[in-house]
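A quick note: this is a predicted structure, and the numbers were derived from the prediction, not measured.
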Amino acid sequence: MSRRKKSLKKWVLGILAVVFLAGAVFIVPTVWFKPWSIRHFYARVFIEFIWQQPMMLSQLRIFEPLGLDFHNDDLDDVSVESQRERADWLSQQRRVLLSYHTDDMNSSERLSREVLAWFLKDIEDSNRFMFHNYPLNQLDGHQIRLPDFMTQIHQITDGSGAEDYVERISKFKPYLDQVLEGLELREREGFIPPRFVIAHVLRGMKDFVAPEPSKHLLYVHLQDKLADLGDLNAQEKTGLQASLAAELEAGVYPAYQMLIDYLTKLDKKATNDDGVWKFPGGAEYYRWCLRHNTTTLMTPAEVHALGLAQVARIQHQMKEILDVAGYESEDLGVAMVELRQEARFLYPNTDQGRKQILADFQQQIDEISAGISPLFRKGANSPVKVEAVPEFKQDTASGGYYVPPPMDGSKPGVFYVNLRDLKEMPRF
């Protein structure tokens, strides 16, 4: 080899060595230690945080445009061990964040640091109350969250999505086994829901497993989606439906029955006390809930006093309006009950009445969306669709609730309206 070629080879190898060293200097701390840049730290925290949660990944849909759907056949790990590990990890990230000095940051960078620090501190403060909640409840418990996720977030746009749908539902049993583990821990520690919560959850879960598999909402959802898929033949579609029916019968139904049996026994220990004051450390937990949900530094007593003052103000205004309209307003409660019973203020309790209330809600949401759009530089990329609460949840669900869409706008957000009893559903 000539001296010139040797020199060129040495030069190339030197450049590669420098590039490798520079990459190592950047990558090693970014991945394993404290990143050089706080921006890289933000990216690492975000990636690690969502990487642990395949269900969140499915909602964010940041990998699907790249052709990556490795997470779409899995559910989150909700075990007690996983929750504790995640809490410890977030506490570690807060310590790293606070080690970045703000001297060289601009105002935007300092604000970003401050916001993330508050968020991580809030989570760290909540760690001692990690099991002060009710994983099964009538509003957004795991028993509701799972089917809502499968029908509203999980995408079935091709055969792969349909296969992932069946695979995910096959994991309901291990997921709910982990939920049960957390329930039993809470029971031992004295965190038992009041009877009315247990009653609502039991009723909802019993309704959920009442239909035969081929009539179940998870089965019907897949059946409807398969009808629109062109990359599967009839035999493949039939096979997926049969697999899902088998999973429902052998996995999902027994898993829900397991929780039904547990809550039936737990009901014997439950009381009618429905405040968190009954918990060990309940007063501290209440104070944390107040700060977490409002960011206020007001005490519970101060917030209560503010609430009483606002109720008095609003009731005074209501009485003035009722007096002008010719209603007796001395007893406001009686007056409002009588108003709600007037036929002119109620939707008819018929199929047409149900269609009308959904249409009215949709019209109002569309009007609001159009009205607020000019106020924001970047608006929501998903519309809101109004639908009726599924029948199996009507007896225990609230009057209405919202399920957010996937973040890429591929599906609308859904506002569910409970049409359980239109005799009590006033026009507005």
Below 4.0 angstrom, N of the basic side chain to O of the carboxylate: do K173 and E247 qualify? no

Would R203 and D207 pass as an ion pair if we require N to O under 4.0 Å? no

Working for side-chain contact (heavy atoms from CB on, under 4.5 Å), residues E387 and L358: CA-CA 7 Å; E387 294 185 2; L358 295 178; 5.9 Å; no

Can you check side-chain contact (heavy atoms from CB on, under 4.5 Å) on L146 and L75, steps first, answer last? CA-CA 9 Å; L146 279 179; L75 299 175; 4.2 Å; yes

Measure the spacing between CZ of R188 and CG of L183 and express it to the nearest 0.5 Å. 11.0 Å

Would a 4.5 Å heavy-atom cut-off, applied to side chains only, mark [X] and [Y] as touching?
X    : Y    : value
Y134 : P194 : yes
H132 : C289 : no
F49  : L90  : yes
L240 : E236 : no
K225 : Y165 : no
L229 : I156 : yes
S58  : Q155 : no

Ring geometry between W288 and Y285 (parallel below 30°, tilted from 30 to 60°, perpendicular above 60°): parallel

What class does the angle between the rings of F63 and W51 fall in, given that below 30° is parallel, 30 to 60° is tilted and above 60° is perpendicular? perpendicular

Hey, which of Q83, Q52, Q178, Q53 is the one that makes side-chain hydrogen bond (donor to acceptor under 3.5 Å, both in side chains) with D77? Q178

Applying the side-chain hydrogen bond (donor to acceptor under 3.5 Å, both in side chains) criterion to N72, which one of H154, E64, E167 satisfies it? E64

Neighbour count above 12 (heavy atom, 6.0 Å) for [X] [atom1]:
X    : atom1 : answer
E81  : CD    : no
Y286 : OH    : no
E342 : CD    : yes
Q235 : CD    : no
Q92  : CD    : yes
R291 : CZ    : yes
K411 : NZ    : yes
K355 : NZ    : no

Under 3.5 Å, is there a donor on one side chain and an acceptor on the other for R86 and S82? yes

Pairing donors with acceptors under 3.5 angstrom, does anything connect the side chains of Y347 and D360? yes

Reference residue Y42; test side chain to side chain contact (heavy atoms under 4.5 Å, CB included); the match among S112, S37, P35: S112

Is the side chain of R354 donor-acceptor paired with the backbone N or O of T350 at a distance under 3.5 Å, no angle test? yes

Side chain of K278, backbone of I192: donor and acceptor closer than 3.5 Å? yes

Y100 six-ring face occupied by K34 cation (under 6.0 Å, within 45°): yes

Can you check side-chain contact (heavy atoms from CB on, under 4.5 Å) on V166 and D73, steps first, answer last? CA-CA 8 Å; V166 176; D73 63 350; over 6 Å; no

